[in-house]
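Report on the structure given below.
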Amino acid sequence: MVRENFDRKLRHIRDEVLLLESMVENAIRESVVSLKARDLETARQLIAADKEINTKRLDIENETLVLIATQQPAARDLRFLASVIDLASELERMGDYAKGIAKINLMMKEEPFIKPLIDIPAMARKATDMLHRATEAFISGDVETAYAIPLEDDEVDALYNQVYRELLTLIMENPRHITQATYLLWAAHNLERTADRVTNICERVIYMVTGRLIELDDQQRKDEEATG
Amino acid sequence: MVRENFDRKLRHIRDEVLLLESMVENAIRESVVSLKARDLETARQLIAADKEINTKRLDIENETLVLIATQQPAARDLRFLASVIDLASELERMGDYAKGIAKINLMMKEEPFIKPLIDIPAMARKATDMLHRATEAFISGDVETAYAIPLEDDEVDALYNQVYRELLTLIMENPRHITQATYLLWAAHNLERTADRVTNICERVIYMVTGRLIELDDQQRKDEEATG
Amino acid sequence: MANLKAIKRRPRWYNKIGYWLQHGDRIWKALLFLSSLLIVSLVVWIAWRLWYQSTLSRHQFGWAFISPWVPSSWNPALDKFQAWPSIYGSLITSVIALILAIPFSLGIAIFLAELAPAYARPPLNYMIEMLAAVPSVVYGLWGIYVFLPLIVVPIGEVIAKTAGQIPGLTTFFGGPMPVSGLSRFGAALILTIMITPTITAVSRDVLLAIPQSQREASLALGATQWETIWNVLIPYGLSGILGAVILGFGRAIGETMAVTMVIGNTTGGGYSILKPGYTMASIIANEFAEAVSDLHASALIEIGVVLFVTTLLLNAIARWLVWNVNHRTMGR
Amino acid sequence: MQEGLFAQVNLPKVYRRRRLTNNFMLGLTGIALFLAIVPLIWIIVYVLIKGGHYINLDFFIHLPRPMGTQGGGVLHAIEGSFIMVIIASIFAIPPALLAAFYLVTYPNTLLSDTVRFSTDLLAGVPSIVIGLFGYAVIVVPQKHYSALAGGVVLALIMLPVVIRSAEEMLKLVPSELREGALALGAPEWKTALKVMLPAAAEGVLTGIMLSVARAAGETAPLLFTALGNDNFEIGRFIHYGIASHQSVINIIGQILSQPADALPLTLWKYAQQPYPERVKQAWAVALVLMLFVLTLNITARVWLAKRKSRIRR
Amino acid sequence: MQNTLPIKMEIQELSVFYKSFRALNKVTMPVYEHKVTAIIGPSGCGKSTLLRSLNRMTDLVPGALIEGKVLLDGEDIYDPKKDVVDVRRRVGMVFQHPNPFPMSIYDNVAFGPRLYGLKKRAFLDELVEKSLRSAALWDEVKDKLHQSGMALSGGQQQRLCIARAIAIEPEVILMDEPASALDPVATLRIEELIFQLKERFSIVIVTHNMQQAARVSDYTTFLLMNEERAGELIEFNVTTTLFTRPKDKRTEDYITGRFG
Amino acid sequence: MQNTLPIKMEIQELSVFYKSFRALNKVTMPVYEHKVTAIIGPSGCGKSTLLRSLNRMTDLVPGALIEGKVLLDGEDIYDPKKDVVDVRRRVGMVFQHPNPFPMSIYDNVAFGPRLYGLKKRAFLDELVEKSLRSAALWDEVKDKLHQSGMALSGGQQQRLCIARAIAIEPEVILMDEPASALDPVATLRIEELIFQLKERFSIVIVTHNMQQAARVSDYTTFLLMNEERAGELIEFNVTTTLFTRPKDKRTEDYITGRFG
Ligand SMILES: Nc1ncnc2c1ncn2[C@@H]1O[C@H](COP(=O)(O)OP(=O)(O)OP(=O)(O)O)[C@@H](O)[C@H]1O
Ligand SMILES: Nc1ncnc2c1ncn2[C@@H]1O[C@H](COP(=O)(O)OP(=O)(O)OP(=O)(O)O)[C@@H](O)[C@H]1O
Ligand SMILES: [Mg+2]
Ligand SMILES: [Mg+2]
Ligand SMILES: O=P([O-])([O-])[O-]
């Protein structure tokens, strides 16, 4: 019965986070689908929609800070709010990646794909799936899932390495492919980064539940970070 | 006279942020210098030193959250603390970029540079300079500087574009250069990202002083984000 | 909103009159004011009445009436009146009573407020209250038949034999002690018994009203219980205790019946406390009903005036002392 | 620590000295209490023995017999005390309560300070002086002593006690209670009568009872006002009044204009008389008077103590 | 600030004097309908004075003098033609220390309505239940309505006082540090209650506890003494704004504990 | 938790009874030297009882009974051979309501030392100044040392009480809600003072105000009543940990306001 008002506000923030997550997830999925379909209209819409994501993220951060300033949260409530701020910024960056892919779509000339677009959509599927489950783990405070998800990052990394090698080969075969290849490489890179960022969300889940800030990705990153 | 204890803690956090900033700045500078000098020993040290940066960032975030939980900060104090959390995570990511460059140094074969390393060190100089001044603006609450710095990002972007075109040309000239070129491209990309992130710090400065969260980089990003 | 409508259903005139009378408050305030005025005017009236009724005597005797240096004589037959002996009687009995009662009362008050175990407090308190509630005539009766012969006379005789023999003190303690015990000393002792409960009860209330935090503060500094009482509680309650003492003094000086019954009722008698005498109250009580002349009555009323003025002075002094003590110690 | 503040002090020695002082002084207070209880028990026991011996039903229902004869009672004094206390209450209580309300409503005006000082003064004025006043303003103009005059002076005795105790008790009522009622839109008088008075009721009643006890025990003011009247009997007046078809007011007037007697007055007179029978009766009167006053007093005090501790919380 | 909100009361250039001492200097602020407005400031800055001038409780202080206007639905409550009893019915009040009347719980709540001649038993029964429910007290006391209101715990007493205040359906409720005498759990209850009550009433609350103001209010007024020790309004703002980015340096200093 | 810190007092399986009512049930906790330990919990959970048992103020309550041990530097203060006066000299106390003695500021501070026969004027002068300085009060009162201590403001009075307590150089200072009667500005002053004092004393503070406990203390104890309404220790922890990641669900519920 106590602190209903506060609880209501916490729930509202939670809902906002879920909303932001679905916006981002959708943006990533759509950006890859429209890239494959060379659907420039959708790409343009996605670029515009990123503004909303940015605004939503600022809203969430603002609302959270106001709650911290006015409601003196402690313990789990505070950890939840601190995590929300981080989460929102992660999601916003993922939104930026989606926007990046949409822009690539626009920038690519009207030329046929130099290779069939299979791995990149697969990466997108995997990344959005991880993101979705990580956010759910955040909402439900599911630590086990949070520990498990970062391990799946390997799949995305593997796909990325495959795309990378393939594209390098294509360039070497035919230097004229270089522009498109570089674009597709960026797209794949963005998706790989997206999956990486899911790890950060998982770290926040663990922090929120246990109060401990740890790094989950030391092992995986070692391979990846060479490339920033 | 009042809240001396709290003020002391705030000052401590400020000092820690400065320390973290100098660690990161140093890492970026050293990573590029050692890349140019092909100094593998320093590169290895930098990779190891990134751990310290990560730890420091977690320390700062923890300390900040503890202050929020125990000292009920409001208004500027709260905005400062919220910004510190963000700042620390930005700095930590910049540290990762430096580590990335150091790893590139290790991964590059013992082959001569395909082009003289001039633009990349220039980018590093510019980026660290921006970072340094942005952090100082943060400490002193200097809004004007915070508004000015993001405009300088154009210089870094210009350098990056130049490097990008140069490297593409080199690849097209000689596909055997592709590996080193890609590595150097990543390095340049990392530096470009670093400068981008300085913009986030500037946003935080403005937020801290005025209480308004705005996006400073809309204009600049438009060109850049295509590439994530 | 149902009840709002109900409120508005009152007739207009009702609301108008109600508003004019401020819903009855005008009458109420007038009543309060008048009652207060009544109290004040009563006191003024009493004072004025006594003053007025003593005109005869005042004109006749002037200041000499209350002067200690005028040869005293109180002779209704000759219409010669001088009040000093009765004033002296009042003062000496009250002062002795006070000197004896203060340490006693304080001791008892301290015991009751600070030491007595919880179960023993109520009965002890009631005993003290009862001591205060015994009507003064009963004290007088008991004094005449029991207290004087059994207690006062032996003590008086001892005093007469010791202090009374010391040159210089003879004036005040000279014997012999009357065998009946009727004397200023007897009256003083009875007064002691009568004012002890008053002073005790008030001081005890004062001590009890001292916040527990004062005791705790002192004890927490490592003070013993006595140190706490002496250094903290008494200073804290000083103004209240002073008030109690002055209240006791007022009681003593105004006490009529018991004193009248045991003081012996004679004029003259010098200064010795072992002699019978008069107090102001007792002389009025004793002679007024049989006042032989207008001047006699007027003189008695003038003694009433003196008593009244004494009360007034005591009250003023009490207020001043209390204010002074409060100002010094409490800073208010 | 020892080397700091307490270097110059022999702590065990200081502790021993302080403990001894403590025990000694506290012991003295106990002795003082013991000594004070002695006269009380003595008086009570003595009066009980002397007076209890004489008391019987006759004592309460008969008028005194002529001096020197056996038997008779003090009905006149009981009735007189009763009548005068009632008159005093009627005269004293309503204005006293109103004045008390004035004092708590306007605590800091010039008039309230004056009222307070006057009340203190009135409380301190020796009762004999009050008697003189009653004599001057009632007996002299009326040209005869009366129960009414006695009642009025007793009212003067009661006034300050009621005012001060009522003010104290009303002051204990938190001011927020009063404001609470006013904030609901209640007028002042309803606030006073419906909220403040009930809140302080027991305390106020106690004050009234104390004042009644005080009035019932007073002798001095009655000496020149009620004078005393061995034949005071209400029954007779009523009987006679009804028989001669007088109005109720008339009968009451008759009663009030007679000199009256009272218990303490009777005691005072009997004690001075040379007849042993009367002296014995005096002890009995003392017992009756004491029982009455003590009962009233103790009830009042018990009530008050309970009240105070409850309101303070 | 949304200036389009309906305004319930409007304080215009209000100054309050105690004899010749100016306790409040030209305060101007609105009280929005169905919102909670908090008044904060250091001790002695005139918070209580401001609050009490809103239902003319200042009339009770001899020597108190009002300048300026306090409009209730557009009418000045200090208009000599206004009936103070009516003003107080429409603007209720809850005090720092719970002050139930020394009567039963039922009579406490029915006290107000009875003043206005509402005496029908059935009607009162219903009203009492409704008021106690609104004050979130019904369940705790429904079996002992005829026991003394003073036998309740502090927090319950305070809720009883709230029930008593709302029984006469005021339009505004003033609260002067309503929870400062309560323990933290009871305090939270009262805060929750305030949150529920604002659906039906406009609420003005004085509190020493800044955090409390932050928790419960929609708007916050910050008062401060000027050099002559008269209280002045430094900032009136949306609560969340006031606590995250106050406009005035002095507000900032106060809420961040750097005052004095 | 750093278990290597020097322990000043140690409470072992302490139970306190009022007559037959068990107010505190087997509480075990340390008081670390030169640290501030806060005791929090809902009303009636036995915070004051626990605090007051640390310098035997419980002796003042008739019928109070102690079980268990309270060690001060390893010696049980309830040992019948211990002199209670000596225990209280070493364990000072500051109360909820400022309670200066009705004497001058100087005499208030000199009260304790004088009990021990320290009466030399020069020595006392110095001691009084030192104590008042430590209590951050010297500058405000140095010109009126011989005015009554009760004429000071509430916050100043409380600092005077602290000066009085430290004048006899206790080793531990107990504070029972030392700021709850003060306004926010005075409260902050006291909190700052506590922070300075811990350099010289070990401090135990009871507070209703969780935020205050969070602000001032190094360690926090959370007490709660069990079914028989006896207070039990739920959690003793480093303050920052307790407020960011408490171990016990009940602690979490209490500090996040979800209790009861
Ligand atoms: N009845 C009064 N007579 C004279 N001065 C008064 C009266 N009531 C208040 N004051 C003065 O008016 C000023 C404002 O008082 P007020 O009670 O409104 O302050 P406050 O902000 O509520 O303080 P607190 O937080 O201590 O309750 C203070 O300086 C006070 O001394
Ligand atoms: N002198 C006493 N006699 C009997 N019971 C007491 C006494 N003092 C306290 N208690 C009871 O002991 C329990 C604990 O009281 P205590 O005062 O220690 O609680 P607290 O936590 O300090 O509460 P608060 O926060 O209200 O001060 C309560 O149930 C209380 O009723
Ligand atoms: Mg106030
Ligand atoms: Mg307590
Ligand atoms: O900003 P990043 O995508 O390089 O993490």
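In the text below, chain A, chain B and the rest are named by the order of the sequence lines, each starting its count at 1.
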Using 0.5 Å steps for rounding, measure from the [atom1] atom of [X] to the [atom2] atom of [Y].
{"X": "N62(A)", "Y": "T244(E)", "atom1": "CG", "atom2": "OG1", "value": "7.5 Å"}
{"X": "N5(A)", "Y": "K198(E)", "atom1": "CG", "atom2": "NZ", "value": "6.5 Å"}
{"X": "M210(E)", "Y": "Q72(A)", "atom1": "CE", "atom2": "CD", "value": "9.5 Å"}
{"X": "K9(A)", "Y": "R215(E)", "atom1": "NZ", "atom2": "CZ", "value": "11.5 Å"}
{"X": "Q71(A)", "Y": "F243(E)", "atom1": "CD", "atom2": "CZ", "value": "10.5 Å"}

- Query: Heavy atoms, side chains only, cut-off 4.5 Å: are R8(A) and F195(E) in contact?
  - Reply: yes
- Message: Strictly less than 4.5 Å between heavy atoms, which residues of residues 35-43 of chain A line up against chain E? Please order them by number.
- Response: none
- Task: Under 4.5 Å heavy-atom distance to chain A, tell me which part of Q211(E) shows up: side chain, backbone, both or neither.
- Result: both
- Message: Ignoring hydrogens, what is the shortest heavy-atom contact between A214(E) and A69(A)? Give both atom names and the distance.
- Response: CB-O, 4.3 Å
